[in-house]
**Q** 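Below are the structure tokens for one structure; questions will follow.
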Amino acid sequence: MRKDSKFETKVIHSGYSSDQHHGALAPPIFPTSTFVFPNAETGEQRFAGEQEGYIYSRLGNPTVKMLEERIAVLEGGEKGLAFGSGMAAVSAVLMGLTKSDDHILCSQGVYGCTFGLLQMLKEKYNVEHNLIAMSDPDVIKAHIQPNTKIIFLETPINPTMALVDLEMVGKIAAKYNIKVVVDNTFCTPYLQRPLELGSHIVIHSATKYIGGHGDVVAGLVVGDRETVDLIAATTQKDIGGIMSPFDAWLLLRGLKTLPVRMDRHCDNAMYIAEKLKEHPAVESVYFPGDPEFIDYPIAQRQMDRSGGLISFKIKGNRKDAQNFINSMKLLKIAVSLGDAETLIQHPATMTHAVVPHEARERMGITDNLIRLSVGLEAKEDIWEDLEQALQSHIRKSETV
Ligand code: LCS
């Protein structure tokens, strides 16, 4: 593969060469916990970092390394690291780059468990944080403190789909010498590459689009070699939330079809968002591909396409939202996202239930907000199911 090959070629060929593996087209899985040293001196040299080579699978494994190299190429970073879950990746980065009494500046909305982690870091280690809307450069600057080490953000934000201008944040962070860490789970590198826009570290819940088939829980980190090596040698090695070789293999397989799948997710989501917008039972739709969406101009600048997630509010309260979800026949009521199946969930009582009510409202997660991960089924079938549930919602509200 040439260095300047296109993304669609890199997802298939980067990080693996069949030449070194008996010509095997599919990468081999190395399910081994440890690696035999030819002699004691080799062991000593590998532990001292003076000789290349594997030691023990918590410190590195050949199948996992293939995936780490592939994701680094796709994100345009120097080095990748694989973890046993997205949260293992988020916690390894946040804990690896801060010490007690440091400060993290965070986007107003984040995934519920990331919010929980920030609370825990404060309670246990006095790592403070502020959650702020990152739309106004002056507001960001006003919240930067001498001990601010990280600007952490999601864009699109789970589940409100609000966007953050990565180039703008990158420029501010560069002035203050702060690392920008971006959770790129919703976009994948196919739609958005934060490192090209001035961010320093990218995180993925690879459980989602990167795996793409709902059969693995995993996390990935990409960044510059120095920072990634630091995380590898500290929070990854000593806390140990690593990925199994089999999961790495599933993700190497999933990545091969990422562009094809993402294009279909994007096409389907665009169709569904337009339909939802027209429906009388829907109060509002939050979708980066909608020209009327408040952050549409940011989407146009930094996302290649608008993604497969849509959030929307139905007219009514929490019970109405739950009843609506219960009327689905084809769509699955499930958290997670990025799978072949269209998944529907209620953030206020599911993914973001750990966020206290007041903070949830500030993030825009109201009780009538619903999140849809638009799958790969025929778009007409997805809409048919949503439409029948919306019609039934209207009928129920008319009889009350
Ligand atoms: N970051 C984002 C943006 C996420 O959406 C999630 C999980 C994580 C990190 C954590 O990744 P995990 O440890 O689960 O691999 N988001 C979920 C969601 O929205 N529904 O279920 C899980």
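Computed from heavy atoms alone, side chains included, the values below leave out hydrogens, waters and symmetry copies. In listed order, ligands and their atoms are each counted from 1.
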**Q** Starting from atom 3 (C) of ligand 1, find the nearest protein heavy-atom neighbour and note its residue, name and distance.
**A**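 For atom 3 (C) of ligand 1, the nearest protein heavy atom is D183 OD2, 3.3 Å.
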**Q** Do M87 and ligand 1 have an N or O pair less than 3.5 Å apart?
**A**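 Looking only at distances, the answer is yes, because the N/O contact criterion of under 3.5 Å is met.
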**Q** Identify, by atom number and element, the atoms of ligand 1 in contact range of L337, meaning under 4.0 Å from any of its heavy atoms.
**A**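 Atoms satisfying the 4.0 Å criterion: 19 (O).
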**Q** So is G86 polar-close to ligand 1, meaning N/O to N/O under 3.5 Å?
**A**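 Between G86 and ligand 1 (N or O atoms, distance only) the closest approach is under 3.5 Å.
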**Q** In the protein, what heavy atom is nearest to atom 5 (O) of ligand 1, and what distance, to one decimal place, separates them?
**A**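 Among all protein heavy atoms, the one nearest atom 5 (O) of ligand 1 is N158 ND2, 3.0 Å.
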**Q** Counting only heavy atoms, tell me which of F83, Y111, F186 gets closest to atom 4 (C) of ligand 1.
**A**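 Looking at heavy atoms only, the winner is Y111.
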**Q** Out of S373, P288, P156, which residue meets the side chain to side chain contact (heavy atoms under 4.5 Å, CB included) rule with F186?
**A**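 Among the candidates, only P156 passes.
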**Q** Using 30° and 60° as the class boundaries, would you call the ring planes of F7 and Y190 parallel, tilted or perpendicular?
**A**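 It falls in the tilted class, 30° to 60°.
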**Q** Can you sort out which atoms of ligand 1 are near E154, meaning under 4.0 Å from one of its heavy atoms?
**A**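 This gives 3 (C) as the contact atoms.
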**Q** Has ligand 1 got any nitrogen or oxygen that is less than 3.5 angstrom from a nitrogen or oxygen of K208?
**A**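 The answer is yes, given that K208 and ligand 1 share an N or O pair closer than 3.5 Å.
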**Q** Is any side-chain N of the basic residue among E68 and K65 closer than 4.0 Å to the acidic one's carboxylate O?
**A**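 Answer for the salt bridge query: no.
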**Q** Distance under 4.0 Å to a non-hydrogen atom of A218: what atoms of ligand 1 satisfy this?
**A**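 Near A218, meaning under 4.0 Å from one of its heavy atoms, ligand 1 has 15 (O).
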**Q** Looking at R371 and P159, would you say the former's side chain and the latter's main chain have a donor-acceptor pair under 3.5 Å?
**A**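 No, because the side chain of R371 does not come within donor-acceptor range (under 3.5 Å) of the backbone of P159.
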**Q** Can any side-chain N or O of T34 pair as donor or acceptor with the backbone N or O of I55 at less than 3.5 Å?
**A**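 Here the side-chain-to-backbone pair exists.
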**Q** Check step by step if side chain to side chain contact (heavy atoms under 4.5 Å, CB included) holds for K99 and Y125.
**A** CA-CA 8 Å; K99 55 178 175 31; Y125 309 113; over 6 Å; no
**Q** Is T207 in polar range of ligand 1, meaning some N or O pair under 3.5 Å apart?
**A**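 Yes; the residue has a nitrogen or oxygen that sits under 3.5 Å from a nitrogen or oxygen of the ligand.
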**Q** Is there a donor-acceptor contact under 3.5 Å from the side chain of D385 to the main chain of L331?
**A**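 Present.
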**Q** Would you mind running through ligand 1 and noting each atom that sits below 4.0 Å from a heavy atom of T351?
**A**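 Near T351, meaning under 4.0 Å from one of its heavy atoms, ligand 1 has 18 (C), 19 (O), 20 (N), 21 (O).
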**Q** At the 4.0 Å heavy-atom cut-off, does P159 count as touching ligand 1?
**A**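 Outside the 4.0 Å threshold, so no.
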**Q** Could you see if L191 belongs to whatever hydrophobic cluster contains L197? Use Ile, Leu, Val, Met, Phe, Trp, Tyr and a side-chain cutoff under 4.5 Å.
**A**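 No, it is not one cluster - the side chains of L191 and L197 are not joined through contacts under 4.5 Å.
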**Q** Are any of the N/O atoms in R371 less than 3.5 Å from those in ligand 1?
**A**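 In this structure, R371 places an N or O atom under 3.5 Å from an N or O of ligand 1.
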**Q** Tell me if the CD atom of E50 is crowded by more than 12 foreign heavy atoms within 6.0 Å.
**A**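 Count over threshold, so yes.
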**Q** Measuring from the heavy atoms of S336, does anything fall under 4.0 Å of ligand 1?
**A**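 The answer is yes: ligand 1 sits under 4.0 Å from a heavy atom of S336.
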